[in-house]
Amino acid sequence: MLTLSYLRENTNDAIERLSKRNIEASPLLNKVLELDSERKNKQTEMDNLLAEANLLAKQIGLLIKENKTQEANKNKERTILLKNNTQELKTKITELEEEIKSLLYTLPNTPHHSVPKGKTADDNEIVFTSGNVPQLPEEALAHWDLASKYNLIDFELGNKITGAGFPVYTGKGAKLQRALISFFLDEAIKAGYSEVIPPLMVNEASGYGTGQLPDKEGQMYHAATDNFYLIPTAEVPITNIYRDVILKENELPIKKVGYTPCFRREAGSYGKDVRGLNRLHQFDKVEIVQIANPENSYTILQEMVEHVKGLLTKLELPFRTLKLCGGDMGFTSALTYDMEVFSAAQKKWLEVSSISNFETFQANRLKLRFKDKTGKTQLAHTLNGSALALPRIVAALLENNQTPNGIKIPSHLVPYTGFELIN
RNA sequence: GGAGAGAUGGGUGAGUGGCUUAAACCAACAGUUUGCUAAACUGUCGUAGGGGAAACCUUACCGGGGGUUCGAAUCCCCCUCUCUCCGCCA
């Protein structure tokens with residue numbers, strides 16, 4: 001949620017930035033500012049009445065002690081009158097606050113000034129490309145065929161146990177999952193992140209904190225009896241560690257990494273690019289999260305991008321980095337880089353990571369703040385990125401590294417798998 | 001699932017209707033002293049809203065929501081959570 005003070009003081013800046021998302025925000029912002037100033041007036045009015053009532057209440061106490069009952073009763077009448085008036089004001093103020101909040105909830109984050117204009121994924125900017133696209137022979141197999149040829153993943157079995165999008169990994173397929181998870185975690189720890197294993201279900205407050213609620217309610221699995229949500233990403237529980245927290249400046253940046261399964265309903269995306277590992281309801285992901293001083297959060301974003309590039313390089317996968325355009329960026333992000341690997345048999349770029357700076361958008365909802373040098377409390381910046389999401393990495397590894405003798409494991413991964421070849 | 005006890009500031013913890021402007025201690029921060037560290041001493045030390053150029057003034061907040069009262073951390077009702085014991089169970 002954008003902060004009111006930012007919108008008040010930088011109205012035109014906000015309108016300009018939001019226009020990159022193809023949003024005409026000025027009518028809504030004017031409405032918000034109008035309601036806000038009305039709220040302030042009512043607040044002042046109410047405070048004055050309450051101040052007088054507080055004073056009278058104190059006097060009544062003294063008067064009763066001195067047995068001046070008559071005067072005390074006179075004051076009582078006046079106080080009752082004041083209280084009645086404050087109650088109306090209170091109701092009005094609450095209404096105004098609710099209205100402002102519900103309007104603000106509909107506004108996405110303001111894009112960073114470097115975000116390109118654009119409407120769809122086609123308008124994203126390719127900022128970096130690495131590695132050569134492998135040329136596979138005619139008879140090369142897609143990963144779902146390789147998965148069944150070598151007994152790595154059983155999609156049908158998952159279908160039986162749960163449903164579509166819940167694969168069962170078996171044998172070397174299972175070991176490969178575990179190897180990738182350990183590799184990603186170790187690399188992150190080497191880069192200074194500290195590991196956490198968070199809960200896989202979160203309560204409503206956490207969902208609101210990172211912005212999945214109320215925006216993407218339908219995308220999360222919901223355990224209705226207890227009103228818990230299955231996490232769509234480790235970002236939710238890990239960032240919420242710092243909900244309602246005031247950090248010291250010297251504690252920043254905070255760097256956390258966590259592996260979790262992720263659960264996504266993917267409502268509305270059936271039938272489109274869902275074959276094999278391309279889109280699942282449950283998948284594994286290692287997530288990096290940082291909480292940063294606003295002064296250097298964009299340096300940190302670059303550092304996170306470099307970290308993920310390093311992972312893909314070590315896995316010897318051809319990849320490219322995209323800077324997302326305004327129209328394709330997530331609701332809560334100010335700047336997002338996507339990482340895509342090339343899956344050689346499908347002949348497609350697959351998104352395997354999304355790295356974003358949310359600036360204060362999440363921190364505002366989370367009430368995640370720090371005390372700066374001058375002793376002032378201000379909102380921190382939150383950032384996160386996948387490092388990495390497993391299924392599409394596996395898809396690319398299987399397809400790109402297939403040979404007549406089997407599938408070759410990249411050398412950096414061999415210490416984790418314990419085998420060099422899947423055959 | 002059953003029974004009981006609780007929830008007060010960064011922490012411990014006092015506070016049963018006005019003397020609370022939430023005590024006291026600890027932690028933290030700044031300073032004095034010191035060759036350095038420690039100790040001691042002095043001071044500062046919640047969050048949010050409103051007013052003000054500022055000093056400052058003011059309002060709300062003692063798990064959450066409602067109520068009683070001129071006045072509530074304190075009394076009443078509802079909810080949530082935590083702890084202890086019992087039952088079930090990895």
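Proteins get letters first, then strands, A, B, ... in listed order; numbering begins at 1 in each.
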**Report entry** Residues that A:Tyr242 engages under ring-ring contact (aromatic ring centres under 6.0 Å, His included), provided they are two or more places apart
**Finding:**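 Residues passing ring-ring contact (aromatic ring centres under 6.0 Å, His included) with A:Tyr242: none at all.
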
Partner set under ring-ring contact (aromatic ring centres under 6.0 Å, His included) for A:Phe370, not counting sequence neighbours =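 In terms of ring-ring contact (aromatic ring centres under 6.0 Å, His included), with neighbours along the sequence ignored, A:Phe370 is linked to no residue.
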
Atom [atom1], compared across [N] and [M]: separation rounded to whole Å:
N     : M     : atom1 : result
B:U80 : B:G64 : P     : 15 Å
B:G49 : B:A39 : C1'   : 43 Å
B:U44 : B:G66 : P     : 36 Å
B:A24 : B:U42 : P     : 13 Å
B:C57 : B:C45 : P     : 12 Å
B:G65 : B:A72 : C1'   : 16 Å
B:A38 : B:A28 : P     : 10 Å
B:U12 : B:G63 : P     : 14 Å

Do the side-chain N and O atoms of [X] and [Y] include a donor-acceptor pair separated by under 3.5 angstrom?
X        : Y        : answer
A:Asn240 : A:Arg243 : yes
A:Ser333 : A:Asn109 : no
A:Gln302 : A:Tyr337 : yes
A:Glu359 : A:Tyr298 : yes

Can you find a side chain N or O atom of A:Asn54 that sits less than 4.0 Å from OP1 or OP2 on B:G71?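 For B:G71, neither OP1 nor OP2 has a side-chain N or O of A:Asn54 closer than 4.0 Å.
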
The contact string for nucleotides 73-80 of chain B, one letter per nucleotide 5' to 3', using protein heavy atoms under 4.0 Å with B, S and - for base, sugar-phosphate only and none, comes out as --------

Nearest-Å distance, [atom1] ([X]) to [atom2] ([N])?
X        : N     : atom1 : atom2 : result
A:Ile100 : B:G49 : CD1   : P     : 13 Å
A:Asn41  : B:U59 : CG    : C1'   : 15 Å
A:Leu63  : B:G71 : CG    : C1'   : 13 Å
A:Leu247 : B:A28 : CG    : P     : 18 Å
A:Glu45  : B:A60 : CD    : P     : 16 Å
A:Asn250 : B:A28 : CG    : P     : 13 Å
A:Leu55  : B:U21 : CG    : C1'   : 14 Å
A:Glu249 : B:C29 : CD    : P     : 15 Å

- Item | Sequence-distant partners of A:Glu295, salt bridge (Lys or Arg N to Asp or Glu O under 4.0 Å), two or more places apart |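 Testing A:Glu295 for salt bridge (Lys or Arg N to Asp or Glu O under 4.0 Å), a comparison that skips the adjacent residues, returns A:Lys373.
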
Contacts table for residues 151-165 of chain A: side-chain donor-acceptor under 3.5 angstrom, sequence neighbours left out:
| unit_1 | atom_1 | unit_2 | atom_2 | d |
| --- | --- | --- | --- | --- |
| A:Asp154 | OD1 | A:Glu156 | N | 3.2 |
| A:Asp154 | OD1 | A:Leu157 | N | 2.9 |
| A:Asn159 | OD1 | A:Ala164 | N | 3.4 |

(request) Kindly give the heavy-atom pair with the smallest separation between A:Ala234 and A:Gly258, and that separation in Å. (result)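 Distance-wise, the nearest heavy atoms are CB-O, 4.3 Å.
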
Can you list the residues that meet the side chain to side chain donor-acceptor pair (under 3.5 Å) rule with A:Tyr150, with sequence neighbours excluded?
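Counting only residues at least two positions away or on another chain, A:Tyr150 forms no side chain to side chain donor-acceptor pair (under 3.5 Å).
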
| field | Residues in side chain to side chain donor-acceptor pair (under 3.5 Å) contact with A:Gln43, at least two apart in sequence or another chain | value |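 Counting only residues at least two positions away or on another chain, A:Gln43 forms a side chain to side chain donor-acceptor pair (under 3.5 Å) with A:Asp47.
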
Practice problem: Tell me, please, whether A:Phe419 has A:Lys175 positioned over its six-membered ring: NZ or CZ under 6.0 Å from the ring centre and within 45 degrees of its axis? | Solution: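 Negative - A:Lys175 is either too far from the ring of A:Phe419 or too far off its axis.
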
For the side chain of A:Ser353 and the backbone of A:Ser386, is there at least one donor-acceptor N/O pair under 3.5 Å apart?
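Judged by distance alone, yes, a pair lies under 3.5 Å.
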
With no hydrogens and no angle check, is any side-chain donor or acceptor of A:Arg392 less than 3.5 Å from a backbone partner on A:Val341?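 No, A:Arg392 side chain to A:Val341 backbone: no donor-acceptor pair under 3.5 Å.
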
Table of protein N/O atoms under 3.5 Å from nucleotides 44-47 of chain B N/O atoms:
| unit_1 | atom_1 | unit_2 | atom_2 | d |
| --- | --- | --- | --- | --- |
| B:U47 | OP1 | A:Lys371 | NZ | 2.7 |
| B:U47 | OP1 | A:Thr377 | OG1 | 3.4 |
| B:U47 | O3' | A:Arg369 | NH1 | 2.9 |

**Prompt:** Is any side-chain heavy atom of A:Met329 closer than 4.5 Å to a side-chain heavy atom of A:Pro111?
**Reply:**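 Sidechains of A:Pro111 and A:Met329: in contact.
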
**Prompt:** Among A:Asn364, A:Thr360, A:Asp13, whose side-chain hydrogen bond (donor to acceptor under 3.5 Å, both in side chains) with A:Tyr6 holds?
**Reply:**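 Per the side-chain hydrogen bond (donor to acceptor under 3.5 Å, both in side chains) rule, the option paired with A:Tyr6 is A:Asp13, out of A:Asn364, A:Thr360, A:Asp13.
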
**Item:** Among A:Glu287, A:Gln290, A:Lys255, the one residue meeting side-chain hydrogen bond (donor to acceptor under 3.5 Å, both in side chains) with A:Tyr193
**Value:**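 Per the side-chain hydrogen bond (donor to acceptor under 3.5 Å, both in side chains) rule, the option paired with A:Tyr193 is A:Gln290, out of A:Glu287, A:Gln290, A:Lys255.
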
When all nucleic acid strands are considered with a 4.0 Å heavy-atom cut-off, which category describes A:Leu50: base, sugar-phosphate, or nothing?
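If one applies the 4.0 Å heavy-atom cut-off, A:Leu50 turns out to touch the sugar-phosphate alone, with no base involved.
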
Could you write out each protein N or O paired with an N or O of nucleotides 50-54 of chain B at a distance under 3.5 Å?
| unit_1 | atom_1 | unit_2 | atom_2 | d |
| --- | --- | --- | --- | --- |
| B:G50 | OP1 | A:Arg39 | NH2 | 3.4 |
| B:G50 | O2' | A:Thr44 | OG1 | 2.6 |

- Message: Please list, in numerical order, the residues of residues 76-90 of chain A that have a heavy atom closer than 4.0 Å to any atom of RNA chain B.
- Response: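 Residues of residues 76-90 of chain A that come under 4.0 Å of RNA chain B are, in numerical order, A:Lys76, A:Thr79, A:Ile80, A:Lys83.
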
Problem - Closest-nucleotide 5' rank along RNA chain B - winner of A:Glu97 and A:Ala57 - result: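 Taking each residue's closest nucleotide, the earlier one in sequence belongs to A:Ala57.
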
Read 5' to 3' with Watson-Crick or G-U pairs under 3.5 Å, [ ] for crossing pairs and | for partners on another strand, RNA chain B gives ((((((((.[[[..)..(.....]]].(((((.......))))).((((((....)))))).[[[[[..)....]]]]])))))))....

For residues 178-186 of chain A, which side-chain donor-acceptor pairs fall under 3.5 Å, sequence neighbours excluded?
| unit_1 | atom_1 | unit_2 | atom_2 | d |
| --- | --- | --- | --- | --- |
| A:Ser182 | OG | A:Arg178 | O | 3.2 |
| A:Asp186 | OD2 | A:Tyr416 | OH | 2.7 |

